[in-house]
Protein chains: 2
Amino acid sequence: MASRSYGQYCGVTTAVELIGERWALLIVRDLLVGPRRYTDLKQGLPKIPTNILSTRLKELQEGGVVRRVPLLHCGLVYELTPYGRELEPIVLALGRWGFAQMGDPQPDDVVTADSLTVALRTAFRMDAATALPPADYELHVGDVVLRVQVSADGLRIAQVQPAGRPVDPKLGGQASTAGDPELVFAAGPGIRRLISGELTPAEAIDQEVLAVVAGDATLLERFAQTFRIEPGVVLAA
Amino acid sequence: MASRSYGQYCGVTTAVELIGERWALLIVRDLLVGPRRYTDLKQGLPKIPTNILSTRLKELQEGGVVRRVPLLHCGLVYELTPYGRELEPIVLALGRWGFAQMGDPQPDDVVTADSLTVALRTAFRMDAATALPPADYELHVGDVVLRVQVSADGLRIAQVQPAGRPVDPKLGGQASTAGDPELVFAAGPGIRRLISGELTPAEAIDQEVLAVVAGDATLLERFAQTFRIEPGVVLAA
DNA sequence: CCGGATCCGAATCGATACTG
DNA sequence: CAGTATCGATTCGGATCCGG
């Protein structure tokens, strides 16, 4: 059961033994968004074999990264332990690092709600959020819908069910999202080029990587300043 | 050749596809210390199969993380690209994170020069280095010998050959290490408990996890303040 | 539907041997 | 020194199945 040892007494090695197996860090990524049920994880990681998911969850529990929490009369969820949650800055930094090397999407690549939520967190600039007025967006990518609220307090992201209102706050993103968003827009994977600064919002609309559905289109400028990944700037708290 | 895709369009996923394969991040760890030849890497990773090492090096090159540099009349070395070097804060943070979960060493665990060098970097506290007077240590762990110089300018670590003087600056640690160290001491793996603050230097000597070979034993206090990993503090620049 | 366990072929890894 | 080749041992992936 103990994963094959690398035979070294070293912190990096220990870390890699804990979260270096295939799929493990992606499970952590999704749990960073919130507690998830077995089935949620399976949906969020469409290509993971079910036996691998179950094996990883056991290993992550043994490693003290994840714990299993029964919900009274409601099934059970997996969640990160405090120790597991310490991985957050590392996962976000890895997301920024990997962002630089992302090409265009493969034909059957998907964008999941959790991966997009984490991606927005990796790109979030607190400095821009404090310097600019608050903003309230609704972002559509594929059939994922996110309510993204930026203020001087920070970033709040809630996952919205295609049908109507945000998902159960206990499981999904965060708490209640009152009122209507100021800007609703839809994007394809090309939104990556907006985040990287390769495209301005105007160019993004021109090239149809982005489309305003409703609200104040000028807010796109603010969005582009708030969510931005510059090459070479991997680390942040 | 493209590693099996996780099927998601996401920065974290891309990062894991680049450096998530078995052994890959440990190769990066060693290259963080300096350029290394194939054989150096093999020695620094005693349990890596040679075909895996060669496969990983190819993949890391394809991913733009590592490059192969011929040395005139001297063989060739692998080194991190600038993009690969951006992993440094991530690897150090992972080292700190894994440190918390390190138990006692397995019977056949080894401590290599590069892993110990990186471990000291993960534990290094710049705040302590600037607050305290400079210090110059020689640390022995197993048959690894490191010259560790701390000053307000930062940390310098050079690997010393068992025979005598530090290794070739071009390949090994850093440049010339003039004069003699102020303190020479030897440690076993239990030095982990000094770094974690679980043991004071005096207790460490009592319990024989540490032994002063030469020089000013009171410098051990300064060492313990300069190299320290507190639980929960994973991230630093 | 939820939360897995089981089975099996395909791909990868690990150990050793061998080569320019 | 810098790898390739080979081959058995593991792990992964895909599908199916099962108890609540």
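So that the names make sense, note that chain A is the first sequence line, chain B the second, and so on, each numbered from 1. Below, each value reflects all heavy atoms present in this structure, side chains not excepted, and no hydrogens, waters or symmetry copies.
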- [ ] Please determine which of A:R121, A:R29, A:R36 meets the salt bridge (charged side-chain N to carboxylate O under 4.0 Å, His left out) test together with A:D114.
- [x]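 So the option named by the test is A:R36.
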Output the rounded distance in Å from [atom1] ([X]) to [atom2] ([N]).
X      : N      : atom1 : atom2 : result
B:K47  : C:dG14 : NZ    : P     : 9 Å
A:R56  : D:dG13 : CZ    : P     : 8 Å
B:L45  : C:dC13 : CG    : C1'   : 15 Å
B:D108 : C:dG14 : CG    : C1'   : 15 Å
A:L71  : C:dG3  : CG    : C1'   : 14 Å
A:Q43  : C:dG3  : CD    : C1'   : 13 Å
B:N51  : D:dC7  : CG    : P     : 14 Å
A:K42  : C:dG3  : NZ    : P     : 11 Å

What's [X] touching, base or sugar-phosphate or nothing? Going by heavy atoms closer than 4.0 Å.
X     : answer
B:I48 : nothing
B:L53 : nothing
B:T50 : base

Open item on the list: Can you confirm if the NZ or CZ of A:R67 lies within 45° of the ring axis of A:Y83 and under 6.0 Å from the centre of its six-membered ring?
Closed with: no
Task: Non-hydrogen side-chain atoms of A:D109 and B:T13 separated by less than 4.5 Å - done: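 A side-chain contact is absent here, since even the closest heavy-atom pair is not under 4.5 Å.
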Minimum-distance nucleotide to [X] side chain [options: [options]]:
X     : options                : value
A:P49 : C:dG14, D:dG14, D:dT16 : D:dG14
B:R4  : C:dA5, D:dC12, D:dA2   : D:dC12
B:L76 : C:dG4, D:dA2, D:dC12   : D:dA2
B:R68 : D:dA2, C:dG4, D:dG3    : D:dG3
A:I52 : C:dG4, D:dG13, D:dT4   : D:dG13

Looking at [X], I'd like to know whether one of its side-chain N or O atoms comes within less than 4.0 Å of OP1 or OP2 on [N].
X     : N      : value
A:Y78 : C:dG4  : yes
B:K58 : D:dT4  : yes
A:S54 : C:dA5  : yes
A:W23 : D:dG13 : yes
B:R22 : D:dT11 : no

TODO: Would you tell me whether A:Y38 and A:T50 have side-chain atoms, one donor and one acceptor, within less than 3.5 Å of each other?
DONE: yes
Open item on the list: Check B:E88 with B:R85, please: is the shortest side-chain N to carboxylate O separation under 4.0 Å?
Closed with: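 Looking at B:E88 together with B:R85, the answer is no, because their closest N to O distance does not fall below 4.0 Å.
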TODO: Hey, can you tell me if B:F227 and B:F124 have their rings parallel, tilted or perpendicular (30° and 60° cut-offs)?
DONE: tilted
